Amino acid sequence: MSIIKACIFDLDGVIVDTAVYHYKAWKRLANELGFDITEEDNEKLKGVSRTRSLELILQWGGISKTDAEKEELAGRKNEWYVEMISRMTPDEVLPGAREFLELCINAGIKTALGSASKNSGMILENTGIAHLFNAIIDGNKVSKPKPDPEVFLKGAEELNEPPENCVVFEDAIVGVEAAIAGGMKVVGVGSAEVLGMANLVINGLNEMSLEKLYELNSPESKLNKE
Ligand code: BG6
Ligand code: MG
C-alpha cells in the first residue's frame, strides 16, 4: 500500500503567479510581429514549454519562421520575462503556498519542485522560498515536456520515493496529465471544470491541509480514485 511521503509542486500558477509576466512578454512579441494574443490564448500556454509556446503563438499569427529565427524570438521574449521576474519579491508567493510547504516539512513530508521553467532558480531566490524544497527539478533538468511525466518522475527519484507515495500540485491540464501518467496522486489548483481529472481540486494552496492530503490515500475516500 502506498503512503504519502512527498509532495511535488509545479511553480507557475501554484506557488507564484508568473502567468501574467509570461503573458505580457508573449503579447509584446506577438505585437512586434504584427498581431495580438488574448488572455484566453494565454491559458493554452500554461505548463507548456517556451519552445512549444512560441510555436503555438506563431501558428495563431499565421507566421512561419526558421529554427534560428525561432531561437532568437524565444530569447527576446525571455529577456523581457527575466526583466520582470528579476523584480519579484517574497510578497508574490501565492496565499498559503509558503505555509503549506512548511506544514509538509514539519510533518516529515519531503518536497520538490517540478516545473517546466528554466527560470525557476531566479524566481525561488527572489521570493525567498528556495530553502523549502528538498529537490528542484525544472526545465534545465528535463528533456520531455509535460504531459510526459519525466519532470515528476525525476522529482520522485531525487526524493528517493516511489511515484505512488507522491502527490503532485498542478494548475495546468498537461501537468495533471503528466502526474497521472507518472502514477501519482494529483491535486489540481484552479477550476474543477478544467482540472476535473485530478483527485482533488482546490482554488489555491491556502485551501490545502494535511488532513486533505492524507485523505487522498484513505481507501474509503472518494478522492482516492485511480
Ligand atoms: C511553465 C509555464 O511553468 O514554464 C509556461 O507555465 C512556460 O507558461 C514554461 O512557458 C517555461 O518557462 P520559462 O521560464 O523556461 O520560459
Ligand atoms: Mg503551472
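Note that this is a predicted model, so its numbers are computed, not measured. Both counts, for ligands and for their atoms, begin at 1 and track the order of listing. Count residues from 1 along the sequence.
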Exercise for the section: Take Glu39 and Val20, measure what side chain to side chain contact (heavy atoms under 4.5 Å, CB included) needs, and give me the verdict at the end. Expected result: CA-CA 9 Å; Glu39 278 190 50; Val20 46; over 6 Å; no
Handout entry: More than 12 heavy atoms of other groups within 6.0 Å of Lys24 NZ
Key = no
Problem - Geometric N/O contact Asn119 with ligand 1, under 3.5 angstrom - result: yes
Practice task
Check the pair Glu170 / Lys146 against salt bridge (Lys or Arg N to Asp or Glu O under 4.0 Å), numbers first and verdict last.
Solution key: CA-CA 11 Å; Glu170 252 297 345; Lys146 299 170 187 176; 2.6 Å; yes
Handout entry: Main-chain N/O of Gly121 paired with Glu125 side-chain donor or acceptor, under 3.5 Å
Key = no
Practice task
Would you please determine whether Gly139 falls within less than 4.0 Å of ligand 1 on a heavy-atom basis?
Solution key: no
Problem - Glu177 side, atom CD; Asp148 side, atom CG - distance, nearest 0.5 Å - result: 11.5 Å
Exercise for the section: Pick, from Leu54, Leu11, Leu45, Asp12, the option with the minimum heavy-atom distance to atom 3 (O) of ligand 1. Expected result: Asp12
Handout entry: Minimum-distance protein heavy atom relative to atom 6 (O) of ligand 1
Key = Gly47 N, 2.8 Å
Problem - For ligand 1, the portion of Thr18 having any non-hydrogen atom under 4.0 Å away - result: neither
Handout entry: Nitrogen or oxygen atoms of Ser117 and ligand 1 under 3.5 Å apart
Key = yes
Problem - Residue Lys44 excluded, over 12 heavy atoms near NZ under 6.0 Å - result: yes
Handout entry: atom 10 (O) of ligand 1: the protein heavy-atom neighbour that sits closest, reported with distance to 0.1 Å
Key = Val48 O, 2.7 Å
Practice task
Assign the ring pair Phe169 / Phe9 to parallel, tilted or perpendicular, where the plane angle (0 to 90°) is split at 30° and 60°.
Solution key: parallel
Practice task
Measure the NE2-CG distance between His22 and Leu45 for me, rounded to the nearest 0.5 Å.
Solution key: 9.5 Å
Practice task
Compute the shortest N/O to N/O distance between Lys118 and ligand 1 and return yes if it is under 3.5 Å, no if not.
Solution key: yes
Practice task
Could you tell me whether the side chains of Asn165 and Asn217 share a donor-acceptor contact shorter than 3.5 Å?
Solution key: no
Practice task
May I ask you to check whether Arg50 has an N/O atom sitting below 3.5 Å from an N/O atom of ligand 1?
Solution key: yes
Problem - Number of protein N/O/S atoms that sit closer than 2.8 Å to the Mg ion (ligand 2) - result: 3
Practice task
Answer yes or no: are there more than 12 heavy-atom neighbours, outside Glu72 itself, under 6.0 Å from its atom CD?
Solution key: yes
